[in-house]
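Below is one structure, written out as structure tokens; comments come after it.
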There are 2 protein chains.
Amino acid sequence: MAHVLIVDDERDLAELIDFNLRGAGFSTRLAFTGEAALAAAREQSPDVVLLDLMLPDLSGIEVCRHLRANSQLRDVLIVMLTAKSEEGDRIRGFEVGADDYVVKPFSVRELVLRLKAILRRSAAPKDSTPPLALGPLRLDVTAHRFYVDGQETSLTALEFRLMEHLMARLGRVQTREQLLEEVWGLSSALETRTIDTHVMRLRDKLGSARALLETVRGVGYRIVDPAAG
Amino acid sequence: MAHVLIVDDERDLAELIDFNLRGAGFSTRLAFTGEAALAAAREQSPDVVLLDLMLPDLSGIEVCRHLRANSQLRDVLIVMLTAKSEEGDRIRGFEVGADDYVVKPFSVRELVLRLKAILRRSAAPKDSTPPLALGPLRLDVTAHRFYVDGQETSLTALEFRLMEHLMARLGRVQTREQLLEEVWGLSSALETRTIDTHVMRLRDKLGSARALLETVRGVGYRIVDPAAG
DNA sequence: CCCTTGCGTGACAAATGGGTAACGGGGAGG
DNA sequence: CCTCCCCGTTACCCATTTGTCACGCAAGGG
């Protein structure tokens, strides 16, 4: 998933965040000072920088400015962490340099949600996508509708994502791990049988087209092209 | 896109905003004092003035008043930037005639969304925007009227914008996040039931046509085409 | 032909999402 | 100053969705 640079001089907090972000499937890197943060960012461009406002050497504001001044790093996403007590209005105005900010104290859950939201936004604001058509199947992402033999078939949000993922990778086997990561958005521990159950539910809804969703024993699942024999 | 005059005496902040607004496709101009702002505005009428409340010479309120007093500039949109501690002034800002205000701290994204929202809202109601008609529904943007089965139905300003947004995207699912951003002009990824409530209120007013506003569980809302049934 | 391992399936409890009613703050207009 | 209306928030409830388990069949290797 995405790479996050966590910058906070409170090691306990930084490590807590680190632990949880890894659990949520992010790759992470830690920095405890502003200098270290800049060095780390230059070395390995992160997708997001989680930046505490209060640092021992440079302030978060300084770090922010340096990042924005670097043409390599200008477009990195910056999420500011600010304590509620840092109400100094003058200082807080600078947070506009950030793409989002989270006020301490925050729940880890909220932080993860915000990160995912901000990444999703920057990813692809595609307002409309052409429908994926495949033999008797048609999946319209824009309208969020799915048809089998021209007949609309209702899928739950999760089933829809699973079907979209598989159809977009026609013919390629997807392992359970891949599906978990990319459809469920977790690298975390789900029982692997969860996927089997959902595949079964999808097959039920596919009806006569159920043969298009094949099991590859010991590997994973794939959608086959009905046109290819 | 639109031309924005940014007025703030904190140069770093002003330049940060400048950089981001340009990135978002606005053309911009900077002023660091109230006098400079007035001069710049007279010279090149902006569409929006982004006005910090705290300026060294004139206060933002003074600038606001001068703008409103100038027949050339009377209709310019004014967005006040205020720090949280300046709450008292916020009200006065409105009295003088700011069109919107943004409280520091704010994220870049938030500011851009608010600007777009306010521009959209005040977009000169073109003499003839063709009404959006859809089965029993008709929404006349120009006249700001809404009809169900030929019967005029009163919508609040917010409900009207929501309905317009949905009708203009017939058949396409709009996520809550999209609606928050584009109708409300907010970036918060926070969980809120606000949208659900307004959808419910809209449905009430739709009466017999309430089925046209569908919920897509786990995704968002959409208007369906009654002709495509 | 038997054993091992992986998968399909039905059942079930827990979590989630959304509809709805009600409340309260605050602005607008009288 | 007072009242009404708009709008955001909260709380409650229900239906659906989703993760997990247990069981048994099927495939494949020896």
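Order of the sequence lines fixes the chain letters, A, B, ..., with proteins taken first and strands second; residue numbering starts at 1 for each chain.
Put simply, the side chain of B:Leu38 does not reach to within 4.5 Å of the side chain of B:Asn70, judged on heavy atoms.
The nearest whole Å value for the distance from the CG atom in A:Leu206 to the C1' atom in C:dT9 is 16 Å. Put simply, CZ on A:Arg222 is 13 Å from P on C:dC7, counting in whole angstrom units. Regarding A:Leu155, its CG atom lies at a distance of 14 Å from the C1' atom of D:dT16, rounded to whole Å. A:Glu214 has its CD atom 19 Å from the P atom of D:dA26, to the nearest Å. B:Asp196 places its CG atom 15 Å from the C1' atom of D:dA15, with the value rounded to the nearest Å. The CG-P distance, from A:Asp204 to C:dA11, rounds to 12 Å in whole Å. Rounded to an integer number of Å, the gap from CE of A:Met200 to P of C:dA11 is 10 Å.
Ranked by how close their nearest DNA chain C nucleotide is to the 5' end, B:Val216 and A:Arg176 are led by A:Arg176. Comparing B:Arg203 and A:Arg203 by the nucleotide of DNA chain C whose heavy atom lies nearest to each, the residue mapping closer to the 5' end is A:Arg203.
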Does the protein touch nucleotides 6-11 of chain D at the base, only the backbone, or not at all? Give it as B, S and - per nucleotide, heavy atoms under 4.0 Å. SBBBBB
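Under a 4.0 Å N-O distance rule, the pair B:Arg120/B:Glu164 does not qualify as a salt bridge.
For B:Tyr221, a side-chain nitrogen or oxygen approaches OP1 or OP2 of C:dG19 to under 4.0 Å. Contact annotation: B:Thr215 reaches the phosphate of C:dG19 (side-chain N/O to OP1 or OP2, under 4.0 Å).
Each of B:Leu21, B:Asp8, B:Ile78, B:Leu5 was evaluated against B:Leu50; a single residue qualifies, B:Leu21, per the side-chain contact (heavy atoms from CB on, under 4.5 Å) test.
Among pairs with a residue in residues 147-186 of chain B, those fulfilling ring-ring contact (aromatic ring centres under 6.0 Å, His included) read B:His144-B:Phe160, B:Trp184-B:His198, at least two apart in sequence or across chains.
Of all the heavy atoms in B:Arg222 and B:Gly171, the pair that sits closest is CD-O, 3.9 Å. Heavy-atom minimum distance, A:Lys205 versus A:Val148: O-CG2, 4.1 Å. Across all their heavy atoms, A:Asp149 and A:Ser208 have their closest contact at OD2-OG, 3.2 Å.
A distance-only check finds a donor-acceptor pair linking the side chain of B:Thr153 to the backbone of B:Gln151 [under 3.5 Å].
The environment of A:Arg176 atom CZ is dense: over 12 non-hydrogen atoms of other residues, nucleotides or ligands sit within 6.0 angstrom.
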N/O to N/O distances under 3.5 Å, protein versus nucleotides 28-30 of chain D:
none

